[in-house]
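Here it is, the structure, as structure tokens.
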Amino acid sequence: MELTTLRELLRGTLTESELRLLPKRFKRIGHVAILNLPKDLFHRNQEIAQRTMDFTGAKTVAINEGKIEGRFREPRLRVIAGDPNTETVHVENGCQFRLDVARVMFSPGNVHERGRVAHLVSPDEVVVDMFAGVGQFSIPIAVHARPSLVYSIEINQVAFNYLLENIRINKVGHILRPILGDCSEVAPRGVADRVIMGILHVTHRYLPLAMKVLKPEGGVIHYHETVPSRLGFKRPVERIIRAASGREVEIINQRVVKRYSPGVDHVVVDAKIGKKK
Ligand SMILES: C[S@@+](CC[C@H](N)C(=O)[O-])C[C@H]1O[C@@H](n2cnc3c(N)ncnc32)[C@H](O)[C@@H]1O
């Protein structure tokens, strides 16, 4: 739901100029609503939070206090109203994800991408999810596609513990093999029909590794990147071709996952990589 509706709800409470400062959207993860509240609206945060809870049924309202940064992609949130507990269960694409929204990142804006990939996987595939998080890609793949094996690699102990919990509650322990560690060190080599590279900003550094993780006869990689909208898919495609170092590359799909920031898109490129030379 968009905050334009909340804008209507707050008409009469906030001034016209304050209403214009309200962000367009907010995130909802389980029982928690997360707002990007501009500083100029801070003094009204309790009224805004209360309306958000009344209107959406969220039990907790938190605000973003900075960008998600660092290797572990840890959020910076502060609860401003409601239940202080930020551990929740979020339901997406028919799967359940337990997580603490204040400790691990979860981007509800990627919901369609996660559903899309889950439906591309064939039953006998081996998948390697190089940046598994709490299982955002691995769990729906295991639930909907039932591949022979999914290796889910995660470096952050907190996210990894939730990954283990999510494997348990979605009953996919016979398909998912969770691995704690840095994928550059622990990813199995030469095993995958499909590699998921669900991370941003540093993805290109791991492309040579993804090529090694694929089976010698080749397979598909799903490569994510943030790019200035005016550049389209040129840079990610060039990077994939360079990393393939002579192996055949067929771009089978490319799409914008979401607007990342003004003028910058989060894109994904699906590339079929040919036989190892
Ligand atoms: C941005 S989150 C994305 C999770 C999920 N792939 C998605 O797209 O929704 C990236 C995750 O990769 C993990 N990570 C970062 N570097 C890693 C590495 N070298 N090896 C394994 N996991 C890593 C982070 O801890 C984080 O949980």
Side-chain angles (χ1 to χ4, degrees), residues 27-30 34 64 66-77 90-93 95-118 120-121 127-144 150-167 170 176-189 192 194-213 221-226 236 255-258 260-261 264-270:
K27 278 192 198 173
R28 176 73 184 268
I29 306 174
I34 303 168
N64 273 316
K67 279 194 176 163
I68 292 181
E69 279 170 338
R71 193 176 206 192
F72 289 176
R73 314 297 299 147
E74 287 163 315
R76 290 169 60 198
L77 290 188
H90 183 71
V91 178
E92 184 185 279
N93 291 318
C95 306
Q96 293 182 62
F97 297 93
R98 184 181 294 280
L99 74 154
D100 185 336
V101 298
R103 299 184 73 200
V104 294
M105 82 143 276
F106 192 98
S107 182
N110 301 355
V111 54
H112 298 298
E113 177 58 18
R114 298 196 271 256
R116 182 185 77 91
V117 170
L120 291 175
V121 176
V127 179
V128 174
D129 184 358
M130 286 172 62
F131 308 95
V134 300
Q136 288 95 320
F137 279 101
S138 297
I139 299 276
I141 286 173
V143 167
H144 297 297
V150 180
Y151 293 93
S152 308
I153 306 167
E154 174 52 49
I155 197 172
N156 174 355
Q157 181 77 60
V158 177
F160 186 77
N161 291 345
Y162 282 115
L163 171 66
L164 297 181
E165 172 75 355
N166 293 330
I167 291 171
N170 290 281
L176 253 71
R177 189 169 299 172
I179 305 176
L180 175 65
D182 181 340
C183 60
S184 0
E185 289 159 18
V186 299
R189 294 348 192 223
R194 188 179 298 274
V195 175
I196 320 277
M197 303 183 75
I199 194 167
L200 295 174
H201 311 300
V202 293
T203 332
H204 58 285
R205 295 187 202 151
Y206 292 88
L207 270 170
L209 172 64
M211 300 296 163
K212 290 187 189 136
V213 168
I221 61 167
H222 299 276
Y223 174 77
H224 292 248
E225 188 173 311
T226 47
R255 62 182 291 268
V256 174
V257 175
K258 63 177 186 294
Y260 181 77
S261 62
V264 178
D265 291 331
H266 167 182
V267 303
V268 63
V269 176
D270 302 350

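This is a predicted model, so every value here is computed, not measured. Counting starts at 1 for both ligands and their atoms, in listed order.
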- What residue and heavy atom of the protein are closest to atom 20 (N) of ligand 1, and at what distance?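 Going by distance alone, atom 20 (N) of ligand 1 is nearest to Cys183 N, 2.9 Å.
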- Query: Roughly how far apart are Asp182 CG and Phe131 CZ, rounded to 0.5 Å?
  - Reply: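 So the gap between those two atoms works out to 8.5 Å.
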- May I ask whether Met130 has any heavy atom positioned less than 4.0 angstrom from an atom of ligand 1?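 Contact present.
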- Message: Evaluate Ala132 for polar contact with ligand 1, using N/O atom pairs at a separation under 3.5 Å.
- Response: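 So ligand 1 has no N or O lying under 3.5 Å from an N or O of Ala132.
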- Message: Geometry only, no angles: is Gly198 polar-contacting ligand 1 at N/O separations under 3.5 Å?
- Response: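 Yes - when backbone and side-chain N and O of Gly198 are compared with those of ligand 1, one distance drops under 3.5 Å.
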- Message: Regarding ligand 1, does Met105 bring an N or O atom to under 3.5 Å of one of the ligand's N or O atoms?
- Response: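 The answer is no, given that Met105 and ligand 1 share no N or O pair closer than 3.5 Å.
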- Item | NE2/His201: more than 12 non-hydrogen atoms of other groups inside 6.0 Å |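 It does: His201 NE2 has more than 12 such atoms within range.
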- Message: Take a 6.0 Å sphere around CZ of Arg116 and say whether it holds more than 12 heavy atoms from other residues, nucleotides or ligands.
- Response: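 More than 12 heavy atoms, drawn from other residues, nucleotides or ligands, come within 6.0 Å of this atom.
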- Message: At less than 4.0 angstrom from any non-hydrogen atom of Asn156, what atoms of ligand 1 do you find?
- Response: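 Once the distances to Asn156 are compared, the set is 25 (O).
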- Message: Please report the interatomic distance NE2(His224) to CG(Leu200), rounded to the nearest 0.5 Å.
- Response: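 Spacing of NE2 (His224) from CG (Leu200) equals 8.0 Å.
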- Task: Any chance you could lay out the side chain to side chain contact (heavy atoms under 4.5 Å, CB included) test for Lys258 and Ser107, step after step, and finish with the verdict?
- Result: CA-CA 10 Å; Lys258 63 177 186 294; Ser107 182; 3.5 Å; yes
- Item | Per atom 7 (C) of ligand 1, closest listed option by heavy atom (Phe137, Tyr162, Phe97) |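 When every heavy atom of Phe137, Tyr162, Phe97 is considered, Phe137 comes closest to atom 7 (C) of ligand 1.
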- Message: Any non-hydrogen side-chain atom of Leu176 less than 4.5 Å from a side-chain atom of Ile139?
- Response: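 They are in side-chain contact.
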- Item | Whether over 12 other heavy atoms sit under 6.0 Å from Arg28 CZ |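 Yes - once you tally the heavy atoms of other residues, nucleotides and ligands closer than 6.0 Å, there are more than 12.
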- Query: Tell me: protein heavy atom nearest atom 23 (C) of ligand 1, and distance?
  - Reply: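 For atom 23 (C) of ligand 1, the nearest protein heavy atom is Ile155 CG2, 3.4 Å.
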- Query: When you measure from atom 19 (N) of ligand 1 to every protein heavy atom, which one gives the shortest distance, and what is it?
  - Reply: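 Nearest protein contact, heavy atoms only, for atom 19 (N) of ligand 1 is Asp182 OD1, 2.9 Å.
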- Item | atom 15 (C) of ligand 1 [closest protein heavy-atom partner, distance rounded to 0.1 Å] |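 Going by distance alone, atom 15 (C) of ligand 1 is nearest to Arg71 O, 3.3 Å.
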- Item | Verdict with reasoning, Gln96 to Asn170, per side chain to side chain contact (heavy atoms under 4.5 Å, CB included) | CA-CA 7 Å; Gln96 293 182 62; Asn170 290 281; 4.1 Å; yes
- Item | Tyr206 neighbourhood, listing ligand 1 atoms whose heavy-atom distance to it stays under 4.0 Å |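 Listed by number with element, the hits are 19 (N).
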- Item | Numbering as shown, the atoms of ligand 1 that approach Gly181 to under 4.0 Å (heavy-atom distance) |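 Within the 4.0 Å cut-off of Gly181, ligand 1 contributes 20 (N), 21 (C).
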- Residue part near ligand 1, for Phe106, under 4.0 Å between non-hydrogen atoms: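 Answer for Phe106: neither.
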- Message: Is it the case that ligand 1 has an N or O less than 3.5 angstrom from some N or O of Arg114?
- Response: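 Between Arg114 and ligand 1, an N or O pair is found under 3.5 Å apart.
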- Task: Tell me which protein heavy atom sits closest to atom 5 (C) of ligand 1, plus the residue, atom name and distance to 0.1 Å.
- Result: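 The protein heavy atom lying closest is Phe131 O, 3.5 Å.
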- Query: Partners of Ser138 by side-chain hydrogen bond (donor to acceptor under 3.5 Å, both in side chains), sequence neighbours excluded?
  - Reply: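 If we apply the side-chain hydrogen bond (donor to acceptor under 3.5 Å, both in side chains) test to Ser138, skipping adjacent residues, the hits are Asp129, Ser152.
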- Query: Are any of the N or O atoms of Glu154 closer than 3.5 Å to those of ligand 1?
  - Reply: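 Yes - when backbone and side-chain N and O of Glu154 are compared with those of ligand 1, one distance drops under 3.5 Å.
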- Query: Is Arg255 salt-bridged to Glu113, cutoff N-O under 4.0 Å?
  - Reply: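 Salt bridge between Arg255 and Glu113, a charged N being under 4.0 Å from a carboxylate O: yes.
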